[in-house]
Amino acid sequence: SVTKKNTIKFTGRKELKLLIYSLIGVFVFKELQYIFTFLYKNSIINNLFVESLFICFYYIVYPLPIIAVTYYLFACIDKKFKIYERIILLLPAFIMMVLSIISLFVPCLYSVSNEGDLIYGPLYFYLPLMSFGLMIFDIIFCVAYKEKLEKGCFQTFIPIFVAPFIALLFSYFLIFALQRKNFSLIWIAMTLTLTIHYFTYILEIISTTDSLTALANKQRLITYLNNILHSKKRDNIYG
């Protein structure tokens with residue numbers, strides 16, 4: 001008889017793909033915005049609405065990577081979303097979408113000048129508030145459930161939330177304090193931390209899993225026992 005070959009799997013595979021695809025979407029729409037701004041300023045195209053449309057798309061997809069990080073974290077600790085939790089998580093993105101579409105006609109979140117420059121609207125403050133709020137939630141949640149992370153590798157997860165948070169803080173300091181328009185480091189920081197996360201987390205799972213049976217090996221057992229012995233549940237261990 002022929003049996004299927006066991007493969008090494010890690011939790012959150014689908015959610016990690018969602019995070020990567022959403023990051024790609026943000027980069028694509030941001031670059032298209034730059035392209036159409038360049039084309040308009042050089043009189044290659046004369047339709048200002050096209051530039052506004054791609055700015056709108058960019059702000060619509062802007063919250064998706066941050067939300068995808070939350071989904072990935074929930075998957076890694078094997079926690080299921082409840083209905084009200086999904087609503088709370090997706091509501092900021094829905095508000096962002098509504099404000100982006102309205103800004104095509106009424107300058108609330110942003111507007112575009114006749115010269116093709118981006119102008120921040122009176123409700124632009126919602127963008128940093130939403131971003132910081134979601135990131136703080138992820139950091140608090142990651143700290144609260146660090147013992148449930150697979151193999152207890154808390155140190156491989158926290159940079160995914162902390163590094164973009166610091167980059168976002170620095171970016172908005174440049175935007176509001178120094179009037180630097182269209183400046184963002186958050187997506188570069190998130191891309192770098194995901195790369196680090198891959199090499200420190202996913203490859204560690206492969207190195208601590210038996211390639212034939214896809215079961216945890218001795219090294220993974222030792223890591224697990226060390227995490228349990230240093231946790232609050234050590235009194236419940238029996239042999």
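Start at 1 with the first residue, then count along the sequence.
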Flag yes if L18 and I24 sit in one hydrophobic cluster, no otherwise; membership is Ile, Leu, Val, Met, Phe, Trp, Tyr, and two members link when side-chain heavy atoms are under 4.5 Å apart. no
Please assess I136 against I140 for the test side-chain contact (heavy atoms from CB on, under 4.5 Å), listing each intermediate value before the final yes or no. CA-CA 6 Å; I136 291 174; I140 295 175; 3.7 Å; yes
Hey, any chance V61 and I35 share a hydrophobic cluster, counting ILVMFWY side chains that come within less than 4.5 Å of each other, even indirectly? yes
Y110 side chain to S52 backbone, donor-acceptor under 3.5 Å: yes
Where K82 and E85 come nearest, the two heavy atoms and their spacing: N-OE1, 2.9 Å
Among the clusters formed by ILVMFWY side chains lying less than 4.5 Å apart, do F137 and Y84 turn up in the same one? no
Under 4.5 Å between side-chain heavy atoms, hopping through other hydrophobics if needed: is there a path connecting I67 to I83? no
CZ (F36) and CG (L39) are apart, to the nearest 0.5 Å, by 6.5 Å
Between I66 and T70, is there a side-chain heavy-atom distance shorter than 4.5 Å? no
Mind checking the CG-CG spacing from L53 to L32? Nearest 0.5 Å is all I need. 10.5 Å
Look at the aromatic rings of F29 and F57 and report parallel, tilted or perpendicular, splitting at 30° and 60°. tilted
d(L104 CG, L99 CG) to nearest 0.5 Å is 11.5 Å
Using the rule that two of Ile, Leu, Val, Met, Phe, Trp, Tyr join whenever any of their side-chain heavy atoms come within less than 4.5 Å, decide whether I95 and I88 are in one cluster. no
Polar side-chain atom of Y126 near backbone of P92 as donor-acceptor pair, under 3.5 Å: yes
Quick check: closest heavy atoms across P107 and P122, and the distance to 0.1 Å? O-CD, 3.4 Å
Considering non-hydrogen atoms only, spot the tightest contact between M96 and Y59 and give its length. CG-O, 3.3 Å
Any side-chain heavy atom of Y71 sitting closer than 4.5 Å to one from L89? yes
Below 4.5 Å, heavy atoms only, C-beta onward: do I102 and L109 meet side chain to side chain? no
Could you state the interatomic distance from OG (S113) to CD1 (I119), rounded to the nearest 0.5 Å? 4.5 Å
To the nearest 0.5 Å, atom CD1 of I60 lies from atom CZ of F54 at 12.0 Å
Looking at every heavy atom in both C56 and S100, which two are closest together, and how far apart are they? SG-O, 3.5 Å
Out of curiosity, F38 CZ to N42 CG, how far, rounded to the nearest 0.5 Å? 4.0 Å
Heavy-atom closest contact (P65 atom, S22 atom, distance): CA-OG, 3.4 Å
